[in-house]
Amino acid sequence: MMNNIFKGKLFGLVVPLIAIGFGFLAGAVIMLISGNNPINGYVALVQGVFGDTYYFGETLQRMTPLIFSGLAVAFAFRTGLLNIGVEGQLIVGWFVSVLVGITIEAPMIIHLPLAILAGALAGALWGFVPGVLKARFQVHEVIVTIMMNYIAMHVVNHFIRNYMLESGQRTAFINDTASLSSDYLSTLTNFSRLHWGFLIAIAACVVMWFILWKTKKGFELRSVGYNKHASSYAGMSVNMNIILSMSVSGAFAGAGGAMVGLGTYNYANILPSFTNLGFDGIAVALLGSSTSIGIFLSAFLFGGLKEGANNMQGQAGVAPELVEIIIALIIFFVASSYLIRWIYSRVQSNKEGK
Amino acid sequence: MKKRFMMLMSSVLAAGTLLAACGEGDEDTTPVNDGGNNNENEAAEGNNEAAEDGEGFSSKMVTDVGGVDDRSFNESAWAGLTEFGEDYPDVEVDYIQSNDASDYAPNLNRLAREGTDLTFAIGFLMLDDIKTVAEQSPDQNFALVDDVATGEDDEPIDNIANLTFAEHEGSFLVGVVAAMHTETNQVGFIGGVESPLIKKFENGFKAGVKYVDSDIDIAVQYAQDFNDASRGQQIADTMYGNGADIIYHAAGGTGNGLFTEAVDRAQGGENVWAIGVDQDQALTEGEWEEGNVILTSMVKRVDQAVYQVSEDTMNGNFPGGEIIEFGLEDEGVGIAETRDNVSDEAIEAVEEYQQMIIDGEIEVPQTDEEYEEFEGEL
Amino acid sequence: MEYVIEMNNIRKEFPGIVANDNITLQVKQGEIHALLGENGAGKSTLMNVLFGLYQPEKGEIKVRGKKVDVTDPNVANNLGIGMVHQHFMLVQNFTVTENIILGSEPTNKGTIDHRKAAKDVADISDQYGLRVDPKAKIEEISVGMQQRVEILKTLYRGADILIFDEPTAALTPQEIKELIQIMKNLIKEGKSIILITHKLKEIMQVCDRCTVIRRGKGIGTVNVADSTENSLAEMMVGREVSFEVEKGAAKPKDNVLSIKDLHVEDARGVSVVNGLNLDIRAGEIVGVAGVDGNGQTELIEAVTGLRQAKSGTINVSGQDVTSFKPRKVTEAGVGHIPQDRHKHGLVLEFTVGENILLQTYYQQPFTKNGVLNYPKMYEKARKLIEEYDVRTPNEKTLARSLSGGNQQKAIIAREVDRSPDLLIAAQPTRGLDVGAIEFIHKKLIEERDKGRAVMLVSLELDEVLNVSDRIAVIYEGEIVAIVDADKTDEKELGLLMAGGKREEGEPI
């Protein structure tokens, strides 16, 4: 009863916004303590995103894989699964799409979709394994996916190092027919690395929304996510849905990897450590309340923060770590949305009391 | 979020460590002046007044993830730039730190667009990005540390200066030290991630050992990780257990495990040694109650390279399209200043061989093929 | 007359709702005072105010004539107010004594004085005839015994005003009888009791006076002796209520459900259904009566395909469904109103409409080529909402925000609308108020009269007796007796449920 107003759509928007606000506020305090002017810092941050079409293009480029990893996390989450393995799924997707991009010769109309699809399939496979283990043997997906991340990184590194090393730490460039790079978008944004993948990411948001909210399968996935008991009572196969959910989630992640491989870099390289694009996806999904539009917006926020951070140090002399701290604080406040709800309800009841 | 940052930072930092060198030691607090002894810098000396004319000149760098306080590579480069800024007060020096690999390109671009006269990319990881940016800003000057940027025609790019180091030569010298100190006639090498760069360390070291005594056995193992100290310790344990008494590492953070194992064994009364890399590691690592297990270290002077190229560029001699290798001759690499554990004979030998390398009497191998050839000729 | 508790003109608001509006409750020393109201009427809120969990906006509380400010449960404890919660707050793998002393352990030089504690607990237990073994672990004792531990807990803390929150919900008839005796003992020892309930029969049995609240408003306080069940129900619901379930005689036809020698294991692999046989015919309601935990749950799960039977056969309308998956069982003509509607019946975060379509969403016209047709789904939902009188703002309201009765109606709409040959209703009225119970019973009988076979599994003997045509008593996984509902009574059923044999010695 009393919770009704806190469950409204509006409140779903309010919590992340308050969290972001608190995050920035705390960031300002930290800047003050460390002897920086927070206003200058934030001005530099905003200019670092919007100040030049190049920066803006780079921001969009950065958010592209984040959208995919956010969608991947959210998709599994809707089925009640915590896919920590987006990182690994993204890495294999990156690698396999580049592999297809290098080894196959075909006209673009076949080659490019094939490469993206290959990446998505690789990611799907990487999600399928923990899905099956969860469904068949009740092995917790968090443990398996974490392990799968390491397997992904080391296996990919092994293949690149031993079979595909071209220069330094990377493979050869992919064939142009498999590349998402766009001279048009790049010129439009003053030589940024913005590529067609950005549009694909937007399409992916729509796809996820459609699957979850408009299809029979999506209905089942959400139902299982909310209440697997009632779902099995209603005749749905919980196990099949778990496997499906992890696979589709992995496919989103793998496609995200393909965006990085085919769009941003046009190659794959030996990873000294995780890309973190997958881990950031958890934060993106959380901040975006696992909705398509929310994920798009929060991916923009995270991409912008990362891009603008460089300008903060260049222009305002703020340590780049600070931006990491702000991001961490935002996630902290989103995660403790309970706290925000509580404060909010306190304020509300005070108002009504008077 | 924090974790991912730390993870990225530490791992790339580790990679950086390999390629880097800090200031050499107590004696060497003014490395730039030291560098002034060689002929390249004579021009610079002569142009000291020209520095005043060089007002408005700016030299900036994009760091790797470690940042300028990574006690390594980036720090060393920044020390070189700072030094340069102090010597020529009208010059503007600055840096931008990258938080992850995707920051390289925008950061390089940022500096280029600001009109920076010379933009350094610190680390071979920025190879592809600097190529793209240099192509987009053809009027700007760039310098890449630790790798060679070539265009599609395999020719160097005109507005990029390539700064590399003769790690194999430095490694040769520590190989000599190892060969002269081993009592078991067995030594070891631990590599980080296998790559052409680390191969230079390995082959140089092996060549140095074999040159002194071709009967010495050399164990080689790669951890395939720059940041896994426990793996390093495990490998060191195996190597020492198999009879090696001196191990050289080129493995960044992984190498810290080597020092741990060496200290453990030294405390257990065994006579084992470790050889550090990039900087004079005896200053920070390997300490135990009765001394230090670090025999010597192979150091690499990024600061000098950065200083020199900045100075040359300011004086209108930007070495664009050139590949500058900083070797023994320029004191770009060498053995560390801390030599308490090294015998006089070994030092004499090192000096002798150093001269032979400079004179071209010894050609130190870099790749596996070159090493095989080298070994065959012994 | 001295009141031990006076709650005068209490008003408690939550954002958007007035939970208690000007309610007065006065409890006399040494009486059992009933607090009666439908679910959501505001009983719990009022008691939480008394217990210090909520602060009232208006009104005053007096304990033993003195005005007090109950700011938190500790204050209530100190005032001698104790609460026996509906959901026991016990640590499963602690002993009775450990649970009782938890939070107020007697210490001896810093260590817990277990001996003294055990002795104190035993003393109190004897004094009130609670017969609790202080050394038993909670996980090893029955639900009724656990409740007595809860009572002991409050007594141990020196409570002399005890609040019982729906204490009989989880008890067997025998345990209810014992509980009533315990309450009477407590009164004899000078305690006062507030009994929160919506069961009129219990009030008539034990209470002295009764305060009725409806939709947050105090309706009044009456002497139980001067009231009837009907008059109380009318006060509670606000209209006349009939308790007699009106039904004609059953006209049973052919067998719809036929279970032969069924063996089922529970999740731990223990065999809990042991060679069970049961037939249910079209046009009759068969009540399955039994003490909780005698295999009812596993029986239902086996029939509905949720649990694989070990051996035996289950036949529905001539089709062997023993190894069917739930969806195929559903399609074979079985409807299931699950026992736990929140856990098994509804997806609470789904809308009412989505929940109503939870069994049929995949069929034409709701799904076409894998894509849902929401307009069609909601159109159907609207129709059923109207037909089954589900009180909801609209079909797009979240199921969570509905009252229990309306949630149950939504489930019934879903299951009954499919016209299943066999309708299984497990505890269909648990926790519901009189009005909703009435509706649900009527629906079950309607379905019977349409020629469906109905299996009613319930722990409430009243319900089984009133609604069923035949009653099958389940004991340790077997049907030990099948009796005609109008030829038996509560006493006989209670005996059978406890494993006793039929006195009359009639063949079953």
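Note that these values count all heavy atoms, side chains included, but never hydrogens, waters or copies made by symmetry.
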Quick check on A:Asp176: does its CG atom have over 12 non-hydrogen neighbours (other residues, nucleotides or ligands) under 6.0 Å away? no
Spatial distance of atom CG (B:Asp103) from atom CZ (A:Arg62) [nearest 0.5 Å]: 4.5 Å
Quick one: which of A:Arg193, A:Gln61, A:Lys306 gives a side chain to side chain contact (heavy atoms under 4.5 Å, CB included) with B:Pro106? A:Arg193
To the nearest 0.5 Å, atom CG of B:Asn109 lies from atom CZ of A:Phe191 at 9.5 Å
Starting at CD of A:Gln315, measure out to CD1 of B:Ile96 and round the result to the nearest 0.5 Å. 10.5 Å
Give, as side chain, backbone, both or neither, the part of A:Asn311 having an atom under 4.5 angstrom from any heavy atom of chain B. both
I'd like to verify something: which residue of A:Asn190, A:Asn269, A:Val260, A:Ile282 has the highest number of heavy-atom pairs under 4.5 Å with chain B? A:Asn190
I need the minimum non-hydrogen distance between B:Gln97 and A:Asn310, along with the two atoms involved. O-OD1, 3.7 Å
With a cut-off of 6.0 Å (strictly less than), are more than 12 heavy atoms of other residues, nucleotides or ligands near OH of B:Tyr371? yes
Has B:Arg110 got its NZ or CZ under 6.0 Å from the middle of the six-membered ring of A:Tyr55, at an angle within 45 degrees of the ring axis? yes
Considering residues, nucleotides and ligands other than B:Glu135, do more than 12 of their heavy atoms fall under 6.0 Å from its CD? no
Heavy-atom neighbours of A:Asn162 CG exceed 12 at 6.0 Å: yes
A:Phe159, CZ: over 12 other non-hydrogen atoms inside 6.0 angstrom: no
So how far is it from B:Ser98 OG to A:Gln313 CD, rounded to the nearest 0.5 Å? 7.5 Å
